[in-house]
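Labels below follow one simple rule: chain letters A, B, ... track the order of the sequence lines, proteins then strands, and each chain is numbered from 1. Below, all heavy atoms of this structure are taken into account, side chains as well, without hydrogens, waters or symmetry copies.
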Amino acid sequence: MPDELRYIAATGMVGAGFHAASMERGAQRMPHFIAADGGSTDPGPYQLGSGTGIFSRESCKRDLGISLRTARALRVPFLVGSCGGAGTDAGVDQFAELVREVAAEHGLRFRLARVYAEPDRAWLKRRMRDGRVHALTGAPPVDEGTVDRASHIVAMMGAEPFAAALAQGADVVLAGRSSDTSIYSAIPEREGYDRGLVWHAAKIIECGSAAAGNRTGQDSMFCLMRRDHFVVEPLHPDFNCTPVSVAAHSLYENADPYLLVEPAGTLDTTESTYTALDDRTVRVDGSVFVPAQRYTVKLEAAEPAGYQSVTMGGVRDPVILRQLDGWVDSMRRSIVERVASSAGLAAEQYTLNIRVYGRDGTLGPLEPTPHFEGHEAFLLMDATAPTQEQAATIIRLASHVAMHHPVPEWRGSITGIAHPYAPATIDRGPVYRFTMNHVVELDDPMEPYRVELEEVGA
Amino acid sequence: MSRLYELARLVRSKNAGPFQVTFDVLFDDAATWRRVATSGVLSAERMAELYRVPVGDVRVFDYEPGLAIKVSFPRPVPSGDPGDRDVTGGQQYAPLVDLDIPDGEPSG
């Protein structure tokens, strides 16, 4: 293996941004590759369900553009995982379009690999029948109907598909849904570095500057990999990594701070040590990679959950607020009655949520102090139904009922809700739900993935 | 007696994937971390009670390298489900902030 391998995480997520000056600073260190994570499930199921992105086209193009041009100037690979936000096939194609645009605008030429991560559904159902799909913690029950109903299913790839694309001469790899760490592990593994160090370094830098204790925003991160340790350093001059900030990063968005399960095995940081080399640079060693007995990849799926409409407004009248709980409860009964009589929809045919912010809107039944005490409440109502027309009908009736719902003290017609918007109702369109939290056994790491090559700028 | 927010430098919650929520309580020094970790206040039993989840589903980690205590358990509702109140799980830690932590054992 080479004495050292140097690489850059452009940002924690494509579209979130980073300072161009930080990338320049990183470029001066002659990295062997540049990479970025392109997606996350953090924003919820909408992106996977609808096949759309998290950040805007412009934001993504900016981040991809600077990284791509830097990588091409250095003649080093540029890798992006989970393209397009959810890592769907459309997400890969969207990022490919952006990358081709940048290439045309700047006269770049390179071989592009697109790696698709939506598996064949007949194959997946066979795996289920063969008992080779397993539930993870908190997983909902699934069956072949889950596969049929899903608008998109992705299989979170490990390092191997990236390595395969590079082996076919790709300069730029745009991959669908990937384990965040696999994006940064493919090349170091290929070069023979210790897998425990490789996957731990990947875990730290894949969030960009997040492991810097004093960071004030998203920015790039630098990693130097050696035979028996690695070093991480933020590329922003004002950010610092400390042993505690780097160790604490294992906490972020992980259920277990010591064990991180990847397709090929588990990263174990129990024996890892973190040492300050100076006031901003940290050395890590002792990390171990335990190979898995079976190679598995995580499945994510989202299915349509109906259509939703929303109405909202403030309640300020102290007379209403003094009886808020009872007013909202009886209002709800009136809404259900009105929807049944005016629209012919029974309560079982839709879901109606009425949330009272100022009382228990955020925590709901977990609220330790669910009694209203303030001088203002905010009501947020939503209706979810099989069609947009039904949801819209329900919420328009609900809004009307709510606004005029009486209290005994006021004798005459009242308006109990202050709507901030006109129209007072918002039709949100389709909504989705996550339906799988499972892994599928693979016969080989490439099995469900497709690699397609093209010459850009030829 | 101190409140948790007085002893911790950060209390936070976030999804660990769409089906689990994870809580992190971070401290500035090992002594304070140890005081809270040994107090039993962030035990699986206490968290199970506060968040109304089966105690067997709750995992607690005393993470010394990061001077942190972590608690993880399955979300009652997956992220973004119609009916979810907190898509990223970011405000679920609120009931922890004012928890009373007994004074530590006197040293010496």
Side-chain angles (χ1 to χ4, degrees), chain A residues 40-49 135-140 243-259 269-270 272-274 298 300 302 305-308 351 353 355 357 360-369 380 382-384 431-437, chain B residues 9-10 12-30 33 49-53 57-99:
Chain A
S40 170
T41 53
D42 215 34
Y46 186 81
Q47 284 75 22
L48 183 60
L136 297 174
T137 308
V244 169
S245 78
V246 172
H249 184 63
S250 297
L251 299 162
Y252 189 63
E253 296 182 333
N254 287 331
D256 183 324
Y258 292 110
L259 301 177
T269 67
T270 310
S272 300
T273 72
Y274 307 85
K298 186 174 174 189
E300 294 172 345
Y307 291 79
Q308 200 174 78
T351 307
N353 288 317
R355 295 186 188 155
Y357 287 86
D360 59 359
T362 306
L363 293 176
L366 296 180
E367 175 52 60
T369 56
L380 180 64
D382 58 73
T384 311
V431 291
Y432 299 89
R433 65 166 66 92
F434 285 117
T435 54
M436 294 192 82
N437 192 37
Chain B
R9 76 167 166 90
L10 175 65
R12 72 178 174 204
S13 59
K14 200 87 192 287
N15 293 342
F19 293 88
Q20 288 203 78
V21 63
T22 190
F23 301 74
D24 297 319
V25 185
L26 284 74
F27 301 90
D28 280 319
D29 63 87
W33 165 78
E49 193 182 0
L50 255 181
Y51 289 94
R52 307 198 197 165
V53 292
D57 286 352
V58 180
R59 292 190 289 162
V60 180
F61 302 88
D62 294 334
Y63 185 60
E64 188 162 13
L67 295 179
I69 300 167
K70 172 180 279 290
V71 181
S72 305
F73 51 82
R75 289 177 58 115
V77 171
S79 165
D81 239 42
D84 186 18
R85 291 172 185 268
D86 189 351
V87 173
T88 59
Q91 280 287 285
Q92 297 307 298
Y93 68 88
L96 303 180
V97 164
D98 285 327
L99 288 179

Measure distances from R12(B) to the heavy atoms of chain A and classify the residue's part below 4.5 Å as side chain, backbone, both or neither. side chain

When you measure from the side chain of R85(B) to the backbone N and O of R355(A), does any donor-acceptor pair fall under 3.5 Å? no

Contacting moiety of P43(A), where chain B heavy atoms sit under 4.5 Å: backbone

If you count heavy-atom pairs under 4.5 Å between each of P45(A), S250(A), P257(A), G361(A) and chain B, which one has the most? P257(A)

Would you say the side chain of Q20(B) lies within less than 4.5 Å of the side chain of L136(A), judging by non-hydrogen atoms? no

Considering only heavy atoms, which portion of F434(A) lies under 4.5 Å from any heavy atom of chain B: side chain, backbone, both, or neither? both

Top contributor to chain B interface from A255(A), P243(A), S40(A) [non-hydrogen pairs under 4.5 Å]: A255(A)

Top of G89(B), P78(B), P65(B), P74(B) for chain A proximity - count of heavy-atom pairs under 4.5 angstrom: P65(B)

With sequence neighbours excluded, tell me which residues meet side-chain hydrogen bond (donor to acceptor under 3.5 Å, both in side chains) with T273(A). D285(A)

For residues S79(B) and G44(A), report the shortest heavy-atom separation together with the two atoms involved. OG-CA, 3.8 Å

Segment of Y46(A) engaging chain B (4.5 angstrom heavy-atom cut-off): neither

In terms of heavy-atom proximity below 4.5 Å to chain B, should E367(A) be classed as side chain, backbone, both, or neither? neither

What's the shortest heavy-atom distance between A68(B) and L251(A), and which atoms? CB-CD1, 3.4 Å

What I'd like to find out is whether the side chain of Q92(B) reaches to under 4.5 Å of the side chain of L363(A), using heavy atoms alone. yes

Contact summary for A305(A) and P82(B), nearest pair of heavy atoms: CB-CG, 3.9 Å

Please classify the contact between F61(B) and chain A as side chain, backbone, both or neither, with a heavy-atom cut-off of under 4.5 Å. side chain

Does any heavy atom of chain B fall under 4.5 Å from the side chain of T384(A), the backbone, both, or neither of them? side chain

Could you report the tightest heavy-atom contact between T137(A) and F19(B), atom names first, then the distance? O-CB, 4.2 Å

Against chain B, label V244(A) side chain, backbone, both or neither, depending on which of its atoms sit under 4.5 Å from a heavy atom there. both

Of all of D84(B), L50(B), D86(B), which one pairs up most often with chain A through heavy atoms under 4.5 Å apart? D84(B)

Hits for side-chain hydrogen bond (donor to acceptor under 3.5 Å, both in side chains) against T22(B), two or more places apart or cross-chain, chain-then-number order -> K70(B), S72(B)

So for D62(B), is it side chain, backbone, both, or neither that comes closer than 4.5 Å to the heavy atoms of chain A? backbone

Segment of D256(A) engaging chain B (4.5 angstrom heavy-atom cut-off): both

Nearest heavy atoms of A248(A) and L26(B), plus distance in Å: CB-CD2, 4.0 Å

Judged by atom type as modelled, is there a donor-acceptor pair below 3.5 Å linking the side chain of Y63(B) to the main-chain atoms of A247(A)? yes

At a 4.5 Å cut-off on heavy atoms, which part of N353(A) comes close to chain B: side chain, backbone, both, or neither? side chain

Go through the steps for Y51(B) and L366(A) under the test side chain to side chain contact (heavy atoms under 4.5 Å, CB included), then give the verdict. CA-CA 6 Å; Y51(B) 289 94; L366(A) 296 180; 3.9 Å; yes

